[in-house]
There are 2 protein chains.
Amino acid sequence: MWIPIQLNEQSAEPMYHQIEVQLRALIVSGQLAEGTLLPSIRELAQTLKCSVITIRRVYQDLENEGLLRTKQGTGTYVAKVGDEMRDIHRRSSVIEALEAAVDAGVRVRCSDEEMMEMLRDILQRRRNANGT
Amino acid sequence: MWIPIQLNEQSAEPMYHQIEVQLRALIVSGQLAEGTLLPSIRELAQTLKCSVITIRRVYQDLENEGLLRTKQGTGTYVAKVGDEMRDIHRRSSVIEALEAAVDAGVRVRCSDEEMMEMLRDILQRRRNANGT
DNA sequence: TATACTGTATATATCTTTATACACAGTATA
DNA sequence: TATACTGTGTATAAAGATATATACAGTATA
């Protein structure tokens, strides 16, 4: 009943958002299986040293996205997400971010080749950093 | 003395930020040459239907980045930016956005190839959309 | 049915972001 | 030097984001 979420206190990114992003990724990438019972809002709040209301917000947001299913008095579970839906969710977060990058590129007159090369470089650099 | 800036009223993105992003791109991509006299803060404020203070903030932010040079009583000019500096500025906005996309990809276990393909698709789709 | 868990709803505190008004100060020039 | 432009500094309004406490309501089960 423990889930791997790490909060970065230094970051300007708000707690609720850090939690949402990480929990969404865990569900959508299949690391948390359908039907898994999540920690109660009080338990997770204690673990992450924040208020119950903050966790509540996260669970509610993800339920509105169809990723969680919640039942008062019982708990909050990972919802059944069709394979198609899961892949859409999974890819859309990445695609949205890439679209933003392309917007930035267009504004400064980056060629398509230049952008592809930039991405290649970034991926390569990370692979090396991890391999060390 | 007119510069092509378009505000999207619908967007949640604040005015000052929309203006900054577009003006920065114009300078850094060389579309506004060094020494160009920009519209006065009052003139641009009137054009964009916002307060003088909002424009002032934009000019000040970009001056702090070294992209503008301003002289009280005279006006605000595009600063001299070394070719290297310009290219760093130009590329960094795109690279930052791409890094964010890669972060998103890593979280949902996207392979490198998958990400490259996503970017290729987006670029292709845009090329077709514009070609029409 | 008592109790010890679940989630829920309302109301509010705090901080940050965004945008503004208005009085002030420098510069050019008729 | 009057005036009509430039940018500047201070102070503040308004809205939104973030996080919270506290009282309430449903569920399981000893």
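Here the structure is a predicted model, which means the values were calculated and not measured. Just so you know, these numbers use all the heavy atoms, side chains as well, and skip hydrogens, waters and symmetry mates. Chain letters run A, B, ... following the sequence lines, proteins first and then strands; every chain starts at 1.
A side-chain donor from one of A:R56 and A:Q60 sits under 3.5 Å from a side-chain acceptor of the other.
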Margin query: Evaluate A:D112 against B:R127 for side chain to side chain contact (heavy atoms under 4.5 Å, CB included), listing each step before the verdict.
Written below: CA-CA 9 Å; A:D112 290 6; B:R127 212 177 309 152; 2.6 Å; yes

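In this structure, A:I55 places its CD1 atom 15 Å from C1' of C:dT6, rounding to the nearest Å. Rounded to whole Å, atom P of D:dC5 lies 11 Å from atom CD of B:E43. Regarding B:H17, its NE2 atom lies at a distance of 18 Å from the P atom of C:dT16, rounded to whole Å. Look at NZ on A:K49: it is 16 Å from P on D:dA19, rounded to the nearest Å. One can place CG of A:L68 at 11 Å from P of C:dT8, the figure rounded to the nearest angstrom. If you take CD of B:Q46 and C1' of C:dA19, they are 18 Å apart, rounded to a whole angstrom. Atom CG in A:L7 sits roughly 14 Å away from atom P in D:dT18 (whole-Å rounding). As rounded to whole Å, 16 Å separates atom C1' of C:dT20 from atom CG of B:L48.
For A:S51, no side-chain nitrogen or oxygen approaches OP1 or OP2 of D:dA19 to under 4.0 Å. Of the side-chain N and O atoms in B:S40, none sit less than 4.0 angstrom from OP1 or OP2 of D:dC5. For C:dT8, one of the phosphate oxygens OP1 or OP2 lies less than 4.0 angstrom from a side-chain nitrogen or oxygen of A:R56. Side-chain nitrogen and oxygen atoms of B:T76 include at least one within less than 4.0 Å of the OP1 or OP2 phosphate oxygen of D:dG7.
Counting heavy atoms of neighbouring residues, nucleotides and ligands inside a 6.0 Å radius, atom CD of B:Q31 exceeds 12 of them. At most 12 non-hydrogen atoms from other residues, nucleotides or ligands lie less than 6.0 angstrom from CD of A:Q46. Within a 6.0 Å sphere centred on CG of A:N8, heavy atoms belonging to other residues, nucleotides or ligands number more than 12.
Minimum atom distance to the side chain of B:Y16 is reached by C:dA19, of the listed D:dG7, D:dT18, C:dA19. Picking from D:dA19, C:dT18, D:dT8 the nucleotide with the shortest atom distance to the side chain of A:M15 gives D:dA19.
In terms of position on DNA chain D, the residue among A:P14 and A:K71 whose nearest nucleotide sits closer to the 5' end is A:P14. Residue B:R42 is the one, among A:I53 and B:R42, whose nearest nucleotide of DNA chain D lies closer to the 5' end (criterion: closest heavy atom).
Of all nucleotides present, only C:dA2 satisfies the Watson-Crick or G-U wobble test against D:dT29, with each distance under 3.5 Å. Using Watson-Crick or G-U wobble geometry with both donor-acceptor distances under 3.5 Å, D:dA23 finds its partner in C:dT8. Nucleotide D:dA13: paired with C:dT18 (Watson-Crick or G-U wobble, both distances less than 3.5 Å).
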